[in-house]
Amino acid sequence: MIRLLARKAAIVLTTLLGAVLLAFSFVRLIPGDPIEVRYGDMDLTPEQLDAFRRDLGLDLSLPQQFLIYIQHLLRGDFGTSFTTNRPVWEEFITLLPATLELTICAVIFASIFGILLGITAAVFRNSWIDYGVMSVSVTGASMPVPWWGMMLILLVSVQLGLLPVSGRLSAAYYVESVTGFLTIDALLAKDYEAFRSALRHLVLPTIVLGTGILAVIARMTRSSMLEVLGEDYIRTAQSKGASRARILLVHALRNAMIPIVTIMGLQVGSLVAGAILTETVFSWPGIGRWLVGSVSTRDYPVLQGGVLLIGVMAMLVNLGVDVTYGLLDPRIRSRR
Amino acid sequence: MAYLDVRNLSVSFPTARGYARVVEGLDLTLDEGEILGIVGESGSGKSVSALAILGLLPPDSRVTADVMRFGTHDLLALSTRARRRVVGQDMSIIFQDPMASLNPCFTVGWQIDETLRIGRMRGRGRRRDRVIELLQQVGIPAPEKRLSAYPHQLSGGMNQRVMIAMAIARNPRLLIADEPTTALDVTVQKQILDLLSKLQRDTGMSLILISHDLGVLARTAHRVMVMYAGEGVEEAETRALFTSPQHPYTRALLDALPEHAGAHRRLPTIPGLVPPLGARPESCIFGDRCRLVAPICREGRPAFESHGPHRRVRCHFPAHRLDLREEAHLVHAR
């Protein structure tokens, strides 16, 4: 057990170190450094620019800079943003709830509809319902987020005027931040108008971010259900006189969930990528937009810290997936 | 009148080249409290027939019959919903592989309890008592502790006992045991068979015991139906079947039993193969492998004819009328 944990920890640390190294070197490959981007059009002498660089430690060699960065990390210091002069960790924590609120909604949306569609396709396999669901699913999985987002905005918000175009909350409302989740905060403040506004702002980004995983979940649910429905214990349940709904939702789905949860865990990476694009399209003030902004200002600490923290989050999700296996399948539980 | 009465049962499954008959013209009757054994090799249609009676075949299969009556229920006329109520309430089944037949995600206690819940038994505590009683009845030691066990934590024999507990939970009038001991160790096989016989005696239910092992049926069944390639070929009371088999196939099966072959001798086998699905002849289905085959056997299928009480044979030349064959040859020679 201890050896297993140690091995897992070693893997996690190496992966994170690799992520930091990649982030560190890739941002420095982008032409132009933070100083040029910031002061480039201000008629400063090269000496003055070098002085700014010295302030930020950018005059040191890359290995030196990297070692210093790692040293700081080990002390729990993610550095300070070049542009805002605020600690990276603080900015991250302030923006995180917005991204979490969006991704959680997207995952819930994708799971509910993905699993329902997958079950439907499995039950009516090889009928036009099945083919319909599966072709919609292929289309959904291959839809580029920016295009899909803009089309929805054009149709639903601009043409039909049904939902807001961008942002998290209409400017008419102010909600005291407690959890950072606007919907929850609005409810806590008993401001139902603001809650409604926050929900309305969530709808389109949720759909856009959720579509890709919804499609993947639907396909996985279908094939997993088809496999499980052929098992002997399904026949046993039928021989007990169990209703069709009971067989599908209790006996089959529970067994079919393991591959579905696995695929959901694997989708976290694409969810982060999708969140970055979705937040940009909808001006959603979260981690994604923060990172995209920091690329154009060459805000090295923000980019490095952001990538690292997202990596940590992805690993936590995978840990959660491992735990869920045990909850779903008693055979895995007792193997531990 | 027989308690279970099935006449002219046929089952076909869709294949790439149209529907293939798996069971053809099978007649089955069963009295209350009787044990009927069905024997036949793999693919002879024994399990499919059982599943057809219970209505558990996949929806794309075709099941037809002239009569399918169980007690007062006309199974052919029942709606899917009503059929589901009869299955589980009055008739139940246990399968070959107990490990695969129990849902791995739920405790055995939960799964037996579910059967009672589907049967509308009220009261969590009452149901729990009943589950424990059932586990005791099927000989599972320390039942209270087993309630929270998962199938993978129990042995194959224990799981089959759990399956039996589940099957008898609602006091069915008919239990079908489809190769209940095939997946188990030899030592456990006898225990399970003894348990089934005992439960049958105690409750007076009817039992259909399906097996490919004549030895298993010899010990347990009152009456045996021999199936070959989807048809019944001989039916007789157990003792009569073993002492004077009438159909050449039954004869060959008995000859192939190790205890009949004697020591240090090769076991006799039946030459040839079962005709594959889709290539089953219109004439006698055993004709190609039969040592008695005569020209008349190639002209249409022999009927499943009655030869005395509880004895039917599908053959032109049953053992007690071998003289008929001599005549047939003489006629042919002339």
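The chains referred to below are lettered A, B, ... by the order of the sequence lines, with proteins before strands, and numbering in each begins at 1. On a predicted model such as this, the values are computed, not experimentally measured, just so you know.
- Interface residues of residues 202-233 of chain A toward chain B, defined by a heavy-atom distance below 4.5 Å and sorted by number: A:Asp232, A:Tyr233.
- Smallest separation of non-hydrogen atoms from A:Arg244 and B:Arg84: N-NH1, 3.9 Å.
- Heavy atoms of B:Arg83 lying under 4.5 Å from chain A are absent altogether.
- Between A:Arg254 and B:Phe106, the shortest heavy-atom contact is NH1-CE2, 3.5 Å.
- Contact check for A:Leu328 versus B:Cys105: no side-chain heavy atoms found under the 4.5 Å cut-off.
- Remark: A:Ile247 CD1 to B:Asn103 CG distance equals 11.0 Å, nearest 0.5 Å.
- Between the A:Arg246 side chain and the B:Ile118 main chain, no donor and acceptor come within less than 3.5 Å of each other.
- B:Leu51 touches chain A through its side chain: at least one heavy atom from C-beta onward sits under 4.5 Å away, while N, CA, C and O do not.
- With a threshold of 4.5 angstrom between heavy atoms, B:Arg170 approaches chain A through side-chain atoms but not through N, CA, C or O.
- Against chain B, no residue from residues 98-124 of chain A qualifies, as none has a non-hydrogen atom under 4.5 angstrom away.
- Close approach to chain A, defined as a heavy atom under 4.5 Å from one of its heavy atoms, is seen in B:Met163, B:Met166 of residues 160-168 of chain B, taken by number.
- Annotation: side chain of B:Tyr150 is not in contact with side chain of A:Arg331 (no heavy-atom distance under 4.5 Å).
- Under a cut-off of 6.0 angstrom, the local environment of CZ in A:Arg125 is sparse, with at most 12 non-hydrogen atoms contributed by other residues, nucleotides or ligands.
- Under the rule for a side-chain contact (heavy atoms from CB on, under 4.5 Å), the partners of B:Ser47 that lie at least two apart in sequence or sit in another chain are B:Asp178.
- Residues B:Pro104 and A:Pro330 share a closest heavy-atom pair of O-CG, 3.0 Å.
- In this structure the side chain of B:Arg117 never reaches within 4.5 angstrom of the side chain of A:Lys240, judged on heavy atoms.
- Residue B:Gln111 touches chain A through both its backbone and its side chain, counting heavy-atom pairs closer than 4.5 Å.
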